[in-house]
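To start, the structure under review is shown below, and the notes come after it.
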Amino acid sequence: MNKYKIAVIEGDGIGPEIITEGIKVIDKISKLNDFEIEWVKYPHGSDRYLATGELITDETLHEIKTNFDAIYLGALGDPRVKPGIIENGILLKARFYFDQFVNLRPIKLLEGVDCPLKDKKPEDINFTVIRENTEDFYVGIGNRTNIGKTRQELEVVRSLYSAKFGLDIETQGSEIAYQIGVVSQKGSERVIRYAFENAKKQGHTLVTAVDKANVLSDVYGLWREVVEKVSKEYPSIDHEFNYVDAITMWFVKQPEHYQTVVTPNMFGDIITDLGAMIQGGLGLAPGGNINPNGISMFEPIHGSAPKYKGLNVANPLATIWAGALMLDEIGETKSSDAIVKAIEKLIVEKKVLTKDMGGTNTTSQMGDEIARLLEE
Ligand code: IPM
Ligand code: MN
């Protein structure tokens with residue numbers, strides 16, 4: 001029997017409630033399909049941070065790296081903590097530490113889900129966004145002239161800016177801030193190759209690469225060159241380039257065009273929120289932070305919804321679906337498919353639904369129902 005060890009970070013707000021349902025569903029399918037999961041919970045999140053000042057510790061990260069198969073994450077974020085602290089100190093920290101260079105976000109309108117786009121059916125909205133997850137504007141290289149963080153590149157930016165615009169920002173007494181996006185050939189190549197492999201695996205004939213090479217021509221010029229280079233290894237798969245502004249329009253107007261979409265980090269952040277909306281809302285959108293040769297982390301795309309904490313009303317489907325992505329990644333593909341089918345069935349039947357989907361059921365009733373449907 002296959003055995004796996006999964007680290008669980010329930011996180012903040014509704015995190016613990018939705019993760020409970022995800023675990024319930026996976027425990028059920030593991031019994032039915034004969035594999036075993038050992039869950040180990042880690043307490044990192046806003047409560048812990050507020051009480052002790054601790055974010056995710058090196059000890060936890062190391063332990064997970066050496067002993068675990070994957071991470072299952074609920075949700076993070078709390079209004080009592082200044083924006084950026086938890087995001088950088090836990091979520092991004094883990095993405096970087098485990099080098100999870102792929103952010104996998106399936107955009108799939110399930111049977112039975114209300115789509116906000118007029119006349120679009122499940123067969124029209126079914127594509128995968130592969131978001132680069134460790135580079136671009138997320139590298140954390142930036143500074144402001146007035147807050148006294150000294151960094152080498154500050155002087156460089158200051159003089160480049162002055163030379164270009166003829167402004168001496170020091171004498172004019174105002175401030176500049178900058179944030180540098182970095183794209184590397186290696187970093188692009190591995191995620192773009194992952195996208196083409198994904199296309200191959202799913203029988204797709206087109207990979208769409210997103211950028212803004214008409215303005216940010218250095219970073220995305222390199223990105224494009226790498227797309228061209230990698231595409232040569234896949235002669236049976238077409239590729240095209242979409243500017244990020246244009247793709248937001250086409251996601252709404254013609255989502256049926258897309259199969260595999262590969263995007264730099266920040267544009268991927270933005271377009272996958274739109275993707276989540278056209279697949280029926282954030283309540284349904286799962287994501288995986290993947291290192292194909294290491295530890296991957298799975299989470300719903302939505303946030304921690306602090307005002308619903310503890311009320312047992314949150315929709316657990318995105319988390320349950322993220323759990324299905326996790327099973328696929330660790331090799332339990334049959335069980336992964338069964339969970340997605342059960343989600344679909346639940347939505348079509350419309351008997352057990354949480355409030356956001358027009359029902360009156362609780363978070364735990366929805367998890368129970370998915371577990372029950374797995375038996376059918
Ligand atoms: C996401 C989130 C994160 C991101 C934030 C919370 C750092 O928006 O997973 O899409 O920007 O990647
Ligand atoms: Mn986001």
Side-chain angles (χ1 to χ4, degrees), residues 9-15 18-19 22 44-46 48-49 55-56 61 70-108 127-142 179-183 187 191 194 210 212 244 247-248 251 261-291 295-306 314 317-319 321-323 325-326 329:
I9 302 174
E10 297 175 312
D12 305 326
I14 58 172
I18 54 181
I19 275 286
H44 305 294
S46 298
R48 176 84 165 196
Y49 170 71
L55 292 155
I56 197 163
L61 290 168
I71 305 168
Y72 199 21
L73 172 67
L76 291 166
D78 186 301
R80 294 169 300 167
V81 183
K82 207 172 110 208
I85 293 179
I86 302 291
E87 291 86 336
N88 278 302
I90 301 180
L91 184 66
L92 297 179
K93 177 96 187 205
R95 286 180 184 170
F96 281 94
Y97 181 88
F98 296 108
D99 200 17
Q100 293 159 345
F101 64 88
V102 172
N103 195 323
L104 178 75
R105 299 188 161 181
I107 309 295
K108 186 171 152 69
F127 58 93
T128 305
V129 178
I130 312 282
R131 167 184 172 193
E132 198 288 318
N133 213 29
T134 55
E135 297 200 326
D136 200 40
F137 289 98
Y138 279 69
V139 292
I141 302 174
Q179 199 85 44
I180 295 177
V182 179
V183 162
V191 73
Y194 186 96
V210 180
K212 186 75 187 173
V244 63
I247 208 172
T248 60
F251 270 11
V261 175
V262 64
T263 167
N265 205 343
M266 191 159 87
F267 297 151
D269 179 41
I270 298 164
I271 67 174
T272 52
D273 268 25
L274 175 58
M277 267 348 264
I278 67 172
Q279 75 180 119
L282 279 168
L284 279 164
N289 303 276
I290 295 176
N291 176 340
I295 311 287
S296 301
M297 175 168 74
F298 298 84
E299 51 170 339
I301 292 187
H302 63 69
S304 59
L317 291 182
T319 308
W321 194 349
L325 295 182
M326 180 167 75
E329 186 64 24

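Note that ligands are numbered from 1 as they come in the structure, with each ligand's atoms numbered from 1 the same way.
Between Arg131 and the options Asp136, Thr263, Asn265, a side chain to side chain donor-acceptor pair (under 3.5 Å) holds for only Asn265. Under the side-chain contact (heavy atoms from CB on, under 4.5 Å) test applied with Phe298, the options Asn289, Thr319, Ile290, Ile71 reduce to a single match, Ile290.
Scanning both residues, Ser304 and Asp12, for their nearest heavy atoms gives CB-O, 3.5 Å.
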Under the criterion side chain to side chain donor-acceptor pair (under 3.5 Å), I'd like the reasoning laid out for Asp99 against Asn291: C-alpha separation, chi angles, the key distance, then a yes or no. CA-CA 6 Å; Asp99 200 17; Asn291 176 340; 4.7 Å; no
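Using a 4.5 Å heavy-atom threshold, the side chains of Ile9 and Glu299 count as separate. Taking 4.5 Å as the limit, some side-chain heavy atom of Lys93 sits within range of a side-chain heavy atom of Leu61. You'll find the side chain of Val261 stays beyond 4.5 Å of the side chain of Ile107, heavy atoms only.
The Mn ion (ligand 2) has Asp269 OD1 as its protein N, O or S neighbours under 2.8 Å.
Using cut-offs of 30° and 60° on the angle between ring planes, the pair Phe101 and Tyr194 is perpendicular.
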Atom pairs and distances, ligand 1 N/O vs protein N/O under 3.5 Å:
unit_1   : atom_1 : unit_2 : atom_2 : d
ligand 1 : 8 (O)  : Asp269 : OD1    : 3.3
ligand 1 : 9 (O)  : Arg95  : NH2    : 2.7
ligand 1 : 9 (O)  : Arg105 : NH2    : 2.9
ligand 1 : 10 (O) : Arg105 : NH1    : 3.2
ligand 1 : 10 (O) : Arg105 : NH2    : 3.1
ligand 1 : 10 (O) : Arg131 : NH1    : 3.3
ligand 1 : 10 (O) : Asp269 : OD1    : 2.9
ligand 1 : 11 (O) : Tyr138 : OH     : 2.6
ligand 1 : 12 (O) : Arg95  : NH1    : 2.7
ligand 1 : 12 (O) : Arg131 : NH1    : 3.3
ligand 1 : 12 (O) : Arg131 : NH2    : 2.8

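Counted by atom type alone, Asp78 and Tyr49 present zero donor-acceptor pairs between their side chains at under 3.5 Å.
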